[in-house]
Amino acid sequence: MNRAQCTPSADLLHALGELGEALAILDGDFLVALNSPMQALLPGEAGGLAEDWAQPLHGLASALAAPLGVRTRCGVSGEYVAQRVALDARHVLLRLDDERERLHHLQRQLDDREGLLFTSRSLTVSEMGSVLAHELNQPIGATANLLRGLKLRLARRHPDSTDELAALDKAVHQVTYASQIIGRVREYTQSRQPKTERLDLVELVHQSLGLLDWDLQREAVRLQLQLPQRAVAVQGDAVMLQQVLINLLRNALDALRLDRPAEPLIAIELVVEAGRAELRVSDNGPGITPQTEARLFLPFSSTKPNGMGLGLSICRSLIEMHQGRLWFTRREAGGCCFHFALPVTVGAPQSMLEKTT
Ligand code: ADP
């Protein structure tokens with residue numbers, strides 16, 4: 001009788017092979033039986049030296065020398081898990097699990113979860129949008145009218161008050177922007193689709209900074225711009241994308257105000273790489289703790305005394321609606337950086353000025 005024939009569990013081994021289990025039985029240094037799933041992973045003949053048989057699978061030979069019961073990763077990128085248990089005083093059962101299928105399954109679960117989160121973020125935007133659009137439209141319209149009336153009266157009575165007239169112009173501009181956002185939110189909640197027009201991200205940065213110039217001056221923040229010389233065209237909704245950028249800039253300003261460094265700085269960088277335009281907004285403020293990071297993009301999570309905690313979750317939804325991605329990293333020198341990347345469109349962008357003035 002050879003070593004393979006005296007194995008008591010060979011039939012069981014083959015039966016388990018029907019279930020996809022890759023199993024082999026070892027007797028000391030010898031391989032005494034292997035079933036077909038194991039043979040598919042590691043071709044070999046019963047009766048040979050276990051070490052020789054195990055050689056083709058990276059790390060398996062040393063896994064055979066590990067204490068019984070220890071789960072050992074093997075394969076070039078650890079894609080298999082080897083486990084051995086004693087069958088009796090002489091025989092050891094070896095099981096090899098292919099982790100790739102499990103990892104694929106896990107990845108599918110994560111993708112489904114991300115899909116669900118995306119849907120729930122879209123719902124948050126949509127529901128909040130309807131309520132806000134309804135509640136804010138009326139007071140914003142009234143404010144715009146009051147400001148325009150005030151400007152007319154001032155221009156008539158004190159035509160030389162140029163500073164005051166310019167300030168009123170800016171106020172009307174801000175209110176107009178707010179009503180544009182509301183208009184877009186209304187349109188979106190009805191259609192659930194962002195508008196798609198070809199626009200220039202460089203111009204979008206300048207326009208957004210135009211809306212925040214007072215805040216930047218008041219906070220005495222140094223602005224560092226690294227923008228390409230030419231236009232960077234993306235397909236999207238100018239008001240929504242401007243909203244994202246303004247939110248990120250306002251968050252940076254808030255952070256610098258709440259915990260002011262010696263030389264407050266906001267940097268905006270736009271890079272185009274591999275068909276994607278990536279915009280980075282960074283600041284040298286206090287940065288974000290791991291606890292805040294864990295909840296950063298969840299709605300209603302804020303560390304600010306009066307924060308609603310909706311800005312980042314809405315920004316991420318808006319960018320995802322544009323087939324883009326929004327994420328966060330830490331700056332090496334302290335502070336944080338928010339990035340969003342969008343697919344670049346080939347061809348010249350339409351001027352945004354035509355649309356927003
Ligand atoms: P809110 O501004 O209402 O708090 P957000 O969703 O925009 O809501 O931001 C969530 C939280 O993320 C903020 O409360 C803050 O703790 C943190 N955060 C966002 N941007 C920055 C930043 N640039 N620096 C430090 N913390 C930030």
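Atoms within each ligand, like the ligands themselves, are counted from 1 in listed order. Note: hydrogens, waters and symmetry copies are ignored here, and every other heavy atom, side chains too, is used. Nothing here was measured: the structure is a model prediction, and the numbers come from that model.
Contact check for Leu211 versus Ile246: side-chain heavy atoms found under the 4.5 Å cut-off. Counting heavy atoms from C-beta outward, Thr303 and Leu258 have side chains that stay 4.5 Å or more apart.
Here Glu263 does not pair with Arg222 in a salt bridge; the nearest charged N to carboxylate O distance is not below 4.0 Å.
Listed by first and then second residue, the salt bridge (charged side-chain N to carboxylate O under 4.0 Å, His left out) pairs involving residues 152-177 are Lys151-Asp169, Lys170-Asp213 (not counting sequence neighbours).
Under a 3.5 Å cut-off, the side chain of Arg90 and the backbone N or O of Asp27 do not form any donor-acceptor pair.
Protein residues with a heavy atom closer than 4.0 Å to ligand 1 are Asn251, Ala252, Ala255, Asp283, Gly287, Ile288, Thr292, Leu296, Ser301, Ser302, Thr303, Lys304, Gly307, Met308, Gly309, Leu310, Gly311, Leu312, Cys336, Phe338, listed by chain and number.
Between Trp327 and His339, the angle of the ring planes stays under 30°, which puts this pair in the parallel group of the 30/60° scheme.
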